[in-house]
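This report concerns only the one structure given below.
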Amino acid sequence: MIQLAEQIRRGQISPTEATLEALRRIESLNPRLNAFVTVSPELALAQAAESESRRRRGDGGSLEGVPFAVKD
């Protein structure tokens, strides 16, 4: 997570690219792992776009743009 945050901060990868990769991995692995009950790709991509806007303005914290999952 720290490495990804650093790559986003340096502009090596965008929050949208990171989110797309996370969604690809979920799609690939979840049928076998059944780790996610609900996946909201449209919402995740919209939030990644908002994150990109915040980063361009210089806003956001050290993990701005890093996708994450919440376990219930």
Side-chain angles (χ1 to χ4, degrees):
M1 183 180 291
I2 300 298
Q3 289 175 326
L4 180 56
E6 184 63 23
Q7 290 174 327
I8 291 172
R9 189 187 66 73
R10 290 182 181 165
Q12 295 169 322
I13 186 170
S14 73
T16 297
E17 292 168 326
T19 301
L20 285 169
E21 181 57 29
L23 290 168
R24 280 188 212 103
R25 290 201 36 92
I26 291 168
E27 184 178 346
S28 159
L29 296 173
N30 201 49
R32 185 170 40 123
L33 300 176
N34 199 28
F36 291 89
V37 174
T38 303
V39 179
S40 304
E42 297 85 10
L43 177 59
L45 291 169
Q47 290 173 339
E50 291 172 14
S51 179
E52 287 182 30
S53 294
R54 282 190 297 274
R55 290 197 65 77
R56 279 193 295 273
R57 290 191 312 265
D59 295 337
S62 58
L63 294 178
E64 182 69 49
V66 176
F68 67 94
V70 177
K71 176 79 173 135
D72 63 355

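Any value given below was found using the heavy atoms of this structure, including those in side chains, with hydrogens, waters and symmetry copies removed. Only a predicted model underlies this, so the values are computations on that prediction, with no experimental measurement involved.
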task = Could you give me the CA-CA distance, side-chain angles and deciding distance for E17 and E21, then say whether side chain to side chain contact (heavy atoms under 4.5 Å, CB included) is met?
result = CA-CA 6 Å; E17 292 168 326; E21 181 57 29; over 6 Å; no
ask   = Under the 3.5 angstrom rule, does the side chain of E64 hit a backbone N or O of D59 as a donor-acceptor pair?
value = no
ask   = Under 3.5 Å, side chain of T19 to main-chain N/O of P15, donor-acceptor pair present?
value = yes
request  = Please examine the side chains of P67 and L4, heavy atoms only from C-beta on, and report whether any two atoms are closer than 4.5 Å.
outcome  = yes
Distance in Å, [X] [atom1] paired with [Y] [atom2], rounded so as to fall on 0.5 Å steps:
X	Y	atom1	atom2	value
S51	L63	OG	CG	10.5 Å
R25	L33	CZ	CG	9.5 Å
M1	E6	CE	CD	14.5 Å
L23	N30	CG	CG	11.5 Å

inquiry  = Under 4.5 Å between side-chain heavy atoms, counting indirect links through other Ile/Leu/Val/Met/Phe/Trp/Tyr residues: same cluster for L20 and I13 or not?
reply    = no
message = With a 4.5 Å cut-off on side-chain heavy-atom distances among I, L, V, M, F, W and Y, is there a chain of contacts connecting F36 to L45?
response = yes
task = Evaluate whether atom CD of Q12 has more than 12 neighbouring non-hydrogen atoms of other residues, nucleotides or ligands under 6.0 angstrom away.
result = yes
